[in-house]
Amino acid sequence: MAPPPGTLYLVATPIGNLEDITQRALRVLAEVDLIACEDTRHTRVLLDRYQIKTQTISYHEHNEQPRAAELCAMIESGASVAIVSDAGTPSINDPGYRVVRAAVERGLRVVPVPGAAAFVTALVASGLPTDEFYFGGFLPARMSARRSRFAEVRALGATLIFYEAPHRIAHSLADARAVLGEREAAVARELTKLHEEIVRGRLGELAARFDTEQAARGEMVLIIDRTPIEDQAANGGGVEASVAKRVADLENEGLDPRAALKRAARELGHSRDEAYRRLVAERGMLKD
Ligand code: SAM
């Protein structure tokens with residue numbers, strides 16, 4: 001009879017402070033047959049801190065494909081394997097996805113062991129709305145691609161979250177302001193570490209604040225409000241995007257009024273009738 005198949009565990013580890021790990025994560029790491037690490041030396045610091053002696057193996061972006069097959073074969077023969085990355089939740093902008101995919105395709109048991117993820121940690125402390133958000137991972141390094149990414153998410157109506165490298169943060173904040181309009185935002189830096197800092201302000205203010213090498217240091221998450229500040233004012237301080245403003249912008253870009261209304265309705269998630277009703281109401285309000 002075939003031995004019972006093992007399990008693939010995805011174990012979240014701290015994003016800075018080594019105390020940010022669950023009891024369950026520590027137990028799983030101590031009990032599995034093998035821990036596949038993004039960087040074995042990095043993970044060894046955590047394992048040593050908790051006196052975990054489990055064998056480790058490397059699993060990173062350059063060996064993901066062959067390693068995923070090897071790990072799945074081990075799990076099929078009964079071993080239990082934990083995947084960890086250098087920080088936070090594996091597979092979130094870190095290695096992990098390929099082995100999960102391979103395990104799912106082979107019908108193996110996949111068990112998540114949750115814990116820290118930098119984007120959630122940053123969002124909840126940002127002071128920006130948390131009910132609906134978009135996480136875009138790392139922003140593109142090139143300005144044109146970055147601006148296109150911002151344009152794609154401009155009308156989402158959700159809080160926007162991105163990872164960004166310190167040497168690009170000032171440029172990204174300026175690009176965000178150029179494409180998204182002035183918005184409330186936050187930069188969460190070095191979360192859970194000694195120099196943790198959450199800087200809140202308008203995109204323009206933050207771009208100026210992080211325009212020095214001294215200020216722009218460490219690991220960073222960028223969080224941006226869902227609407228420009230002027231739209232919020234047009235809606236009596238609420239967070240809903242203004243149909244009138246979007247229609248006016250689209251008309252300025254050359255669309256005729258019908259096409260502008262149709263596009264604004266689609267972008268803002270309204271039916272055409274609802275968008276028209278709001279347009280009339282907002283224009284009436286603006287005249288007062
Ligand atoms: N797997 C991780 C997670 O669950 O968030 C993300 C790994 S990704 C390679 C690393 C990026 O996450 C950093 O460049 C930074 O944008 C963000 N990050 C990770 N740790 C952070 C921290 N302590 N403070 C702020 N941002 C952090």
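Every number for a ligand or one of its atoms is a count from 1 in the order of the listing.
- Checking only distances, I15 does come within under 3.5 Å of ligand 1, N or O to N or O.
- Counting heavy atoms from C-beta on, the side chains of I224 and L180 come closer than 4.5 Å.
- We find that R168 and E164 are joined by a salt bridge, their nearest charged nitrogen and carboxylate oxygen being less than 4.0 Å apart.
- Atom 24 (N) of ligand 1 has its closest protein heavy atom at L191 N, 2.8 Å.
- Checked for salt-bridge contact, R27 and E31 meet the test: a charged N lies under 4.0 Å from a carboxylate O.
- Polar contact with ligand 1: present for I92 (N/O pair, distance under 3.5 Å).
- Inclusion of T89 in the set of residues having an N or O under 3.5 Å from an N or O of ligand 1 is warranted.
- The environment of CD in E105 is crowded: more than 12 heavy-atom neighbours from other residues, nucleotides or ligands sit within 6.0 Å.
- Residue F119 places no N or O, backbone or side chain, under 3.5 Å from any N or O of ligand 1.
- Nearest protein heavy-atom contact of atom 13 (C) of ligand 1 is E219 OE2, 3.5 Å.
- Counting atoms of ligand 1 from 1 in the listed order, those under 4.0 Å from a heavy atom of V221 are 25 (C), 26 (N).
- Ring geometry for F119 against F135 counts as parallel: the plane angle stays under 30°, on a 0 to 90° scale with 60° as the upper cut.
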Checklist entry - What's the verdict on salt bridge (charged side-chain N to carboxylate O under 4.0 Å, His left out) for R67 and E70, showing C-alpha distance, side-chain angles and the deciding distance? => result CA-CA 5 Å; R67 197 60 112 203; E70 282 168 36; 2.9 Å; yes
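- Counting heavy atoms from C-beta on, the side chains of Y9 and I83 never come closer than 4.5 Å.
- The pair E196-K193 does not count as a salt bridge, with every side-chain nitrogen at least 4.0 angstrom from each carboxylate oxygen.
- If you number the atoms of ligand 1 from 1 as listed, the ones under 4.0 Å from a heavy atom of A188 come out as 25 (C).
- Some N or O of M220 is nearer than 3.5 Å to an N or O of ligand 1, by distance alone.
- Distances from ligand 1 to the non-hydrogen atoms of E164 include at least one value under 4.0 Å.
- Ionic pairing of R226 and D131 is present here: one or more N-O contacts between side-chain nitrogen and carboxylate oxygen are shorter than 4.0 angstrom.
- Closest to atom 14 (O) of ligand 1 by heavy atom, among F138, Y163, F162, is F138.
- For ligand 1, the polar-atom distance check against G88 finds no nitrogen or oxygen pair separated by under 3.5 Å.
- Interface atoms of ligand 1 facing A87, defined by a heavy-atom separation under 4.0 Å, are 1 (N), 2 (C).
- Those atoms of ligand 1 with a heavy atom of K193 less than 4.0 angstrom away are 23 (N).
- Where the criterion is an N or O separation shorter than 3.5 Å, residue side chain and backbone included, S85 fails it with respect to ligand 1.
- Nearest non-hydrogen protein atom to atom 7 (C) of ligand 1 is D94 OD2, 3.3 Å.
- Which parts of ligand 1 touch A118 is read off a 4.0 Å heavy-atom cut-off, strictly below it: atoms 3 (C), 4 (O), 5 (O), 17 (C), 18 (N), 19 (C), 20 (N), 21 (C), 27 (C).
- Using a 4.0 Å cut-off between a side-chain N of Lys or Arg and a carboxylate O of Asp or Glu, R189 and E219 do not qualify as a salt bridge.
- Using a cut-off of 4.0 Å between Lys/Arg side-chain N and Asp/Glu carboxylate O, R209 and E197 are scored as salt-bridged.
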